[in-house]
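Numbering starts at 1 and runs along the sequence shown. Values below: all heavy atoms of this structure, side chains included; hydrogens, waters and symmetry mates excluded. Start at 1 and go down the list; that is how both ligands and their atoms are numbered.
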Amino acid sequence: MAEQLGDVVVTIPTVAGAVEPAELGRTLMHEHIFVVDPELSRDRPGEFDEPAEIERARRSLRELKASGFDTLVDMTVIGLGRDVDRVRRAVEGTGMNVIVATGIYTFGALPNYFRARGPGTANGGEDPVLEMLLRDTRVGIGGTGVRAGVLKCVIDAFGATPDVERSTRAVGRAHRAVGTPISTHSHAPSRSGLVQQDLLASEGVDLGRVLIGHCDDTDDLDYLTRLIERGSYLGVDRFGLETIRPDADRVRTVAELCRRGYAERLVLSHDASCFTMNYPTDTRQRVLPNWRHGAIGDTFIPALLAAGVTDDQVERMLRGNPAAFLGRTDPY
Ligand SMILES: [Zn+2]
């Protein structure tokens, strides 16, 4: 059944065409399929065997679908080796809905291409960051015709550097122009989700249409409560990434937020990849055995239920909240 906004039927773009919010099913809101450095993979043969990794990704996505998950948001953007055509080939035939993001992944400076263009630069012209975001969400990414279903902005431990601020503000402007929801990478230990909220709010963004990512990297409940009380969704999206925080602590934080009545503002994910050049696959499987797309289904849902989270809350975090967040796409 179609969700209605006025008389407009809401659809959400995926690499295999548009779907309606009711078709999303259980959704992982912050994942990756391939994280590849294109220069290093060209010059270091053997690091990334593309045909083999596409095949491996396909198997893994089929298993995820068979385990009861229907949708995955691939948060790979410029700076993480985004290749939407490669993603489309990996997803083909798996039955998964895969939504892709647009944005620029940087903790400090933008690529020089962007720094040298736009208002106040020698090349002048419109802001190419905003231009790219508008094109990727309205027309499609590169020549693929695949539109981004999420706008991503990034702040890490260096805080809001001038370029991080520039790209965050461009995301806010593109969001208001196109309506595509905003999902972020934040650095919870330095409470930078609040900085993202401030910057986006000053661009007139409704913070209820923003998902602050990587919130389970902290046990600072005062910080997390403040983010929620300003209306945003929180990404509990690094299950299995125990090099940053133990899983037992992540589970405890989610259970406490649910106990306080905040399940309606949480979404769950792993921030895992089918393939990442940053961790050789055998190291990743040995050191981080639960940093994989199937772990919420087979390991973390049972752990959350044992910690007092209810079945209804789990479904809310995996289905209801993603559909409400991704399905709200009216410009304003
Ligand atoms: Zn990520």
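Using the six-membered ring where Trp is involved, Phe107 and Phe158 have ring planes that are tilted, between 30° and 60° apart. Taking the six-membered ring where the residue is Trp, Phe275 and Phe48 present tilted rings, their angle falling between 30° and 60°.
Side-chain atoms of Arg82 and Thr102 form a donor-acceptor pair, as typed in the model, at a separation below 3.5 Å.
The Zn ion (ligand 1) has an N, O or S atom of His32 closer than 2.8 Å. With a cut-off of 2.8 Å, the Zn ion (ligand 1) has no N, O or S atom of His214 in range.
Under a cut-off of 6.0 angstrom, the local environment of CD in Glu315 is crowded, with over 12 non-hydrogen atoms contributed by other residues, nucleotides or ligands.
Checked against the Zn ion (ligand 1), the N, O or S atom of Asp271 at the shortest distance is OD1.
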